[in-house]
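Here is the structure we will look at.
Sequence positions, counted from 1, serve as the residue numbers for this chain. In listed order, ligands and their atoms are each counted from 1. All values reported here derive from a predicted model rather than from experimental measurement.
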Amino acid sequence: MPYLKPERPEKVSAPSLRASKERGERLVCLTAYDYPTARLVDEAGIDIILVGDSLGNVVLGYGNTVPVTLEEMLTHVKAVRRAVQRALLVADMPYGSFHTGADEAVKNALRLVKEGGAEAVKLEGGHKRVHLVKRLVDEEIAVMGHIGLTPQSINKLGAYRVQGKTAAAARQLLDDARAMEDAGAFALVLEVVPREIAQLITESISIPTIGIGAGVHCDIQVLVLHDMLGLSFGKQARFVRPYANLHDTITDAVSRFADDVRNGTYPSEEESYGLPAEAADELHITATQKSKSEKS
Ligand code: KIV
């Protein structure tokens with residue numbers, strides 16, 4: 001039987017996610033960073049669109065998320081805002097934008113919401129960020145938490161590795177998850193943790209978990225758009241299922257264009273404009289050129 005895409009016309013909001021969890025619905029999240037892809041993702045019925053700071057890896061070419069600035073995030077959040085109608089639009093708080101005090105963090109989150117048009121912000125970190133999440137929620141900002149592998153900690157971690165692999169580390173993750181829920185986060189990203197721990201956390205908290213490399217038991221799944229479309233470079237993590245190979249599609253299209261230009265078959269007459277006959281006569285355009293002009 002063909003797969004029928006569920007009809008989900010209603011606008012997704014931060015509070016509606018908890019109700020979806022209660023109903024046992026599996027929701028879907030993807031990243032997007034620009035108008036055309038955000039529009040396609042929204043029109044495909046994806047429930048949450050995250051302008052992730054993975055922007056630094058997959059769009060800006062930084063190699064990691066550390067250098068991404070608030071201004072860069074704002075530019076991309078605004079472009080995505082113009083495209084998205086139904087999905088919940090979440091913006092990542094980039095590294096450095098919430099580390100220098102709660103007032104500064106509120107100011108930066110408000111910019112993402114007011115100037116960028118984000119409906120929620122996401123920030124990385126567990127118990128350390130509890131006071132901050134409470135403060136942002138007090139200021140009416142919807143906050144998504146993010147624990148497990150936190151890419152902004154790359155300089156401290158040394159490498160991107162599976163987190164929560166010992167009993168102590170797993171207990172810490174569970175504590176962090178509960179702390180995020182108590183602080184008022186409306187959802188929680190679990191990045192690259194063992195599926196058993198993700199399941200335990202998902203069953204232990206009432207806010208939805210959003211898994212990336214965290215197994216099938218999370219309430220919501222997220223992937224980085226460029227990774228699943230085959231549009232990012234380097235080795236992919238095992239959880240990235242390649243749904244398309246845009247790398248090859250784009251390379252092929254660009255190479256064929258270059259070949260056509262070099263061998264003179266692009267543009268054809270149909271792909272260019274001719275001069276009207278009267279103007280051609282007046283300008284004494286030569287016979288061959290004129291015959292082309294008359295046809296146009
Ligand atoms: O920046 C990002 O894209 C993210 C997702 C991987 C959850 O944080």
Side-chain angles (χ1 to χ4, degrees), residues 14 17 27-34 37-38 41 46-70 72-77 79-80 84 87-98 108-109 112 116 118 120-126 129 133 142-154 157 160-164 173 176-177 180 185-193 198 201-202 207-215 218-229 231-234 236-241 243:
L17 297 187
L27 300 191
V28 195
C29 175
L30 275 173
T31 65
Y33 317 92
D34 58 29
T37 57
V41 168
I46 297 303
D47 305 293
I48 305 169
I49 295 182
L50 169 68
V51 185
D53 62 352
S54 48
L55 170 76
N57 303 62
V58 298
V59 173
L60 300 180
Y62 287 147
N64 63 47
T65 59
V66 172
V68 177
T69 66
L70 188 70
E72 286 166 339
M73 286 301 299
L74 272 168
T75 299
H76 289 270
V77 174
V80 170
V84 172
L88 175 71
L89 175 51
V90 183
D92 239 335
M93 294 199 68
Y95 184 58
S97 69
F98 58 97
N108 291 334
L112 290 168
V121 299
K122 174 167 84 59
L123 55 86
E124 293 184 7
R129 308 289 175 224
V133 173
V143 180
M144 179 181 280
H146 182 158
I147 62 171
L149 177 61
T150 49
Q152 292 175 6
S153 318
I154 182 62
L157 294 171
Y160 300 114
R161 288 194 195 90
V162 183
Q163 303 294 301
L173 279 178
D176 284 342
M180 279 292 126
F186 70 92
L188 182 64
V189 171
L190 301 178
E191 181 161 354
V192 196
V193 300
I201 292 173
T202 301
I207 57 173
T209 56
I210 305 178
I212 175 159
C218 295
D219 300 297
I220 302 170
Q221 295 290 332
V222 59
L223 281 176
V224 168
L225 185 71
H226 290 55
D227 293 347
M228 55 93 79
L229 292 182
L231 199 51
S232 41
F233 298 87
Q236 291 301 316
R238 74 157 79 172
F239 55 83
V240 176
R241 189 178 291 181
Y243 285 90

CZ (Phe98) with more than 12 external heavy atoms under 6.0 Å: yes
Closest protein heavy atom (residue, atom, distance) for atom 7 (C) of ligand 1: Leu50 CD2, 3.7 Å
Any side-chain heavy-atom pair of Leu17 and Ile48 under 4.5 Å: yes
Side-chain touch Asn64/Tyr160, heavy atoms, less than 4.5 angstrom: yes
Atom indices of ligand 1, in the order listed, that fall short of 4.0 Å to a heavy atom of Asp53: 1 (O)
Spatial distance of atom CE (Met228) from atom CG (Leu30) [nearest 0.5 Å]: 5.0 Å
Protein contact of atom 3 (O) of ligand 1 - nearest heavy atom, named by residue and atom, plus distance: Ser54 OG, 2.5 Å
Side-chain (Asn108) to main-chain (Ser97) donor-acceptor, under 3.5 angstrom: yes
Shortest protein contact, atom 8 (O) of ligand 1 (heavy atom only): Lys122 NZ, 2.8 Å
Within-shell test, His146 vs ligand 1, heavy atom, strictly < 4.0 Å: yes
Residue Thr31 vicinity, atoms of ligand 1 by number, heavy atom under 4.0 Å: 3 (O)
Contact atoms of ligand 1, heavy-atom distance to Asp92 under 4.0 Å: 1 (O), 2 (C), 8 (O)
Numbered atoms and elements of ligand 1 in range of Gly52, under 4.0 angstrom, heavy atoms: 1 (O), 2 (C), 3 (O)
His76 (side chain) donor-acceptor with Tyr33 (main chain) under 3.5 angstrom: yes
Nearest heavy-atom neighbours spanning Gly126 and Ile147: CA-CG2, 3.8 Å
Identity and separation of the nearest protein heavy atom to atom 6 (C) of ligand 1: Ile212 CD1, 3.6 Å
